[in-house]
There are 2 protein chains.
Amino acid sequence: MATIYDIAKICNVSTATVSRVLNGSTHPIHPDTRAKILKTANKLNYHPNSIAKSLASGRTQTIALLIPTIANDYYTQIAEAMENELNDAGYIAYLCNTKRSVLRETEYINNLIARRVDGVIFSPTRIKPEDNIKNLENIEELRENGIAIVAFGSRFKDISQVSVNTYKGAYEATSYLISLGHRRIGFIDGLTAGTRSNRRRAYIDALKNSGINVDDALMVRGSLDMDSGYKNGLKLLNTARPPTAIFVVNNLMAIGVLKAAKNMNIKVPEKLSVIGFDDSILSRLIEPSLTVIRQPLEEMGAIASRLLLDELNGTGKIQSIELEPSLVERESCSEV
Amino acid sequence: MATIYDIAKICNVSTATVSRVLNGSTHPIHPDTRAKILKTANKLNYHPNSIAKSLASGRTQTIALLIPTIANDYYTQIAEAMENELNDAGYIAYLCNTKRSVLRETEYINNLIARRVDGVIFSPTRIKPEDNIKNLENIEELRENGIAIVAFGSRFKDISQVSVNTYKGAYEATSYLISLGHRRIGFIDGLTAGTRSNRRRAYIDALKNSGINVDDALMVRGSLDMDSGYKNGLKLLNTARPPTAIFVVNNLMAIGVLKAAKNMNIKVPEKLSVIGFDDSILSRLIEPSLTVIRQPLEEMGAIASRLLLDELNGTGKIQSIELEPSLVERESCSEV
DNA sequence: ATCAAATAGGTAACCGGTTACCTACGGGTA
DNA sequence: TACCCGTAGGTAACCGGTTACCTATTTGAT
């Protein structure tokens with residue numbers, strides 16, 4: 001493969017001159033020399049070696065996307081928006097699938113530090129209570145090594161982040177069901193551990209503020225997949241006093257609940273209202289279509305990327321941006 | 001950031017020794033020296049510089065995934081399987097979203113050559129007839145620069161690839177509809193241009209081999225999204241002699257057809273049979289659930305990665321692997 | 001006692017660029 | 001004539017590792 005040395009030799013100039021021409025430096029260069037060098041580079045099918053460039057410059061023009069999965073609309077939409085922004089700015093993204101394992105996150109982060117990525121966009125896994133400590137260690141490790149970070153979906157001190165006010169979204173979801181007259185409202189939470197769950201707190205607060213008493217039997221936790229929604233749906237509906245509405249913290253599980261209701265011959269929305277979280281093509285396609293709390297995913301992805309790029313450009317500083325979720329009314333909820 | 005020079009100085013040894021210890025070389029090292037070096041590396045929170053390593057070794061342990069989109073179950077499933085295999089082998093993947101633009105593919109490929117990726121997994125865009133020439137140029141450019149390639153979804157000479165026998169799948173889909181007694185069978189093709197479409201040829205062959213005459217009015221082309229399926233569905237169904245069955249070359253468009261039928265109060269499968277291509281969570285969730293020709297996506301992803309890894313390891317050679325699609329019967333087809 | 005082999009480590013060129021600093025020359029000006 | 005400045009280009013250190021080749025000591029066998 002051709003190098004600037006080859007070009008320099010052929011053109012009878014130094015590598016400095018070649019480098020200047022090839023990088024459009026402001027250093028004055030004779031037009032003839034420039035032309036000769038460009039022609040030779042072209043003839044040799046020269047491709048600059050980014051590795052060598054990175055070693056010399058200390059920048060890799062690479063950022064890493066650390067996300068829990070890509071087989072999921074939610075992350076896919078965010079990731080696509082991110083890749084888009086980053087690519088426009090001349091960066092290429094590493095795809096790092098953490099599979100919701102903090103251990104994998106740590107492994108990846110060490111690898112990424114070694115690779116000297118310029119920045120990291122990170123959706124940290126927070127399933128077990130002790131995960132939070134590891135998250136902080138991972139973030140600290142990145143920061144110590146001078147790597148820019150933007151987190152999303154989580155909240156940490158002293159780093160840029162973009163999140164959605166899930167408390168508000170969950171409060172709105174619950175309030176919406178209450179406003180439709182529901183009093184026994186089931187809740188299917190995600191993986192986040194107990195009291196640290198924003199959505200759970202919002203659900204409870206909304207009930208309390210409406211004077212509805214909170215029944216532990218109506219609160220369950222699932223693993224975010226459809227099957228888990230199905231099983232938890234059956235569990236909630238198969239009780240002595242089943243709920244008339246269920247608030248589910250993600251889409252796939254909400255669809256699982258619809259399937260459970262159908263299986264039990266419970267009509268939605270006539271006999272059961274279901275509200276989901278996140279919007280995706282699924283919630284529009286399913287019948288009845290799902291009423292959901294929508295998170296602005298593309299916006300999250302684009303903003304996360306821009307925060308990172310601003311930081312890398314020296315413009316912009318660390319900031320935390322919180323976006324608002326919104327209620328999307330479709331067919332799966334009705335008055336009691 | 002600590003370097004091996006720092007460690008060498010502190011330990012009073014040369015960088016060669018540090019490098020040997022840190023890389024588990026077979027060169028003999030005194031246990032005390034080894035221990036001292038490891039301890040110092042740890043104390044300095046040393047992270048090896050992969051950039052420098054790559055420059056010296058000529059390998060980056062990086063491969064690129066060049067795919068048309070990630071906001072699509074099809075590529076997402078393949079990409080997840082790929083990332084998995086590659087990561088197990090110590091590689092990190094670049095996520096390159098080509099957005100079905102050959103120009104972007106070319107841009108990416110030049111960037112990837114500059115970055116000296118070890119390999120590329122590539123799903124080339126083939127929409128316009130002239131795209132094929134560009135594809136070949138791109139592939140040639142990669143090969144000239146010593147970058148391993150695996151293509152999927154397309155067929156080229158002299159490179160490894162994994163594909164699905166879409167002709168067979170389409171033939172099977174059409175034959176299945178014929179076996180249910182259908183004689184007027186609509187066809188909604190994808191972006192691939194006219195006669196180069198395997199699935200179109202298979203559809204026509206299956207009809208001819210059953211003595212059914214081919215009606216151009218029943219063949220249309222869509223842009224792979226749901227809306228396009230909806231519009232094409234309406235178009236086919238709003239004719240003087242509408243089809244009693246429709247074969248659609250992807251999932252989203254098939255779902256669009258279901259919506260169109262519903263909108264026109266045409267019962268599926270009683271009055272209209274619909275068969276899709278690709279399997280995804282959507283086809284299971286939709287009602288009626290879609291009968292489809294399933295492509296083994298995870299398998300494709302895993303095999304593509306393994307072909308590439310084998311090539312990079314020097315084991316294994318260029319080979320073309322064709323996987324078989326299979327019919328998954330669900331609710332959207334019935335006898336005429 | 002001699003010498004080959006094993007052990008432990010060092011030297012420095014190399015990977016392919018970037019860039020601070022230096023040289024050389026011609027023209028304009030006081 | 002002396003000096004300054006702009007133009008054009010070169011020199012070589014540097015980024016952080018790897019590794020072929022070399023040296024020096026110790027061990028074991030003959």
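Letters A, B, ... mirror the listed sequences (proteins, then strands); counts begin at 1. Just so it is clear, the values below take in all heavy atoms, side chains as well, and ignore hydrogens, waters and symmetry mates.
For the pair B:Asn12 and B:Arg116, nearest-nucleotide mapping onto DNA chain C gives the more 5' position to B:Asn12. When the nearest nucleotides of DNA chain C are assigned to B:His30 and A:Val18 by heavy-atom distance, the more 5′-ward of the two goes with B:His30.
Applying the salt bridge (Lys or Arg N to Asp or Glu O under 4.0 Å) test to B:Asp118 and every residue at least two apart in sequence or in another chain returns B:Arg59. Not counting sequence neighbours, the partners of A:Tyr94 by the ring-ring contact (aromatic ring centres under 6.0 Å, His included) test are B:Tyr94. By the salt bridge (Lys or Arg N to Asp or Glu O under 4.0 Å) test, B:Glu298 pairs with B:Arg294, sequence neighbours left out. Annotation: side chain to side chain donor-acceptor pair (under 3.5 Å) contacts of A:Asn145 (sequence neighbours excluded): none. Under the side chain to side chain contact (heavy atoms under 4.5 Å, CB included) criterion, B:Thr26 pairs with no residue, sequence neighbours left out. Judged as a side chain to side chain contact (heavy atoms under 4.5 Å, CB included), and not counting sequence neighbours, the contacts of B:Lys43 are B:Lys39.
Distance B:Ile29 CD1 to C:dA6 P: 17 Å, rounded to the nearest Å. For the pair A:Asn49 CG and C:dG16 P, the interatomic distance rounds to 7 Å; values are reported in whole Å. For the pair A:Ile7 CD1 and C:dT18 P, the interatomic distance rounds to 11 Å; values are reported in whole Å. Rounded to an integer number of Å, the gap from A:Lys53 NZ to C:dG16 C1' is 11 Å. Residue B:Arg59 contributes atom CZ, which lies 15 Å from atom P of D:dT18 at whole-angstrom precision. Here the P atom of nucleotide C:dG17 and the CD1 atom of A:Ile51 are 11 Å apart, to the nearest Å. If you measure from atom CG of A:Leu55 to atom C1' of D:dT18, you get 13 Å, rounded to the nearest angstrom. In this structure, A:Met1 places its CE atom 9 Å from P of C:dG17, rounding to the nearest Å.
Taking every heavy atom of residues 31-44 of chain B and every atom of DNA chain D, no pair lies under 4.0 Å.
Distances shorter than 4.0 Å separate none of the side-chain N or O atoms of B:Ser19 from OP1 or OP2 on D:dG17. Between A:Asn23 and the phosphate of C:dT18, there is a side-chain N or O to OP1/OP2 separation shorter than 4.0 Å.
Using a distance-only test at 3.5 Å, with no hydrogens or angles considered, a donor-acceptor pair links the side chain of A:Asn49 to the main chain of A:Ile51.
For the ring pair (Phe, Tyr, Trp, His ring centres under 6.0 Å) condition, no pair includes a residue of residues 111-158 of chain A, sequence neighbours left out. Under the ring pair (Phe, Tyr, Trp, His ring centres under 6.0 Å) criterion, no residue pair touches residues 3-41 of chain B, with sequence neighbours excluded. Every pair passing salt bridge (Lys or Arg N to Asp or Glu O under 4.0 Å) that includes a residue from residues 77-87 of chain B is listed here, sequence neighbours excluded: B:Glu85-B:Arg306.
Note that the two end axes of the helix from C:dA1-D:dT30 to C:dA30-D:dT1 enclose an angle of 60°, each drawn from 5 base pairs, rounded to 10 degrees.
B:Ile4 comes within 4.0 angstrom of a nucleotide base, judged by non-hydrogen atoms across all strands.
Counted by atom type alone, B:Thr62 and A:Arg115 present one or more donor-acceptor pairs between their side chains at under 3.5 Å. Using modelled atom types, one finds no donor on one side chain facing an acceptor on the other under 3.5 Å when comparing A:Lys36 with A:Asn12.
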Write out a two-atom table: protein N or O, nucleotide N or O from nucleotides 11-14 of chain D, distance below 3.5 Å.
none

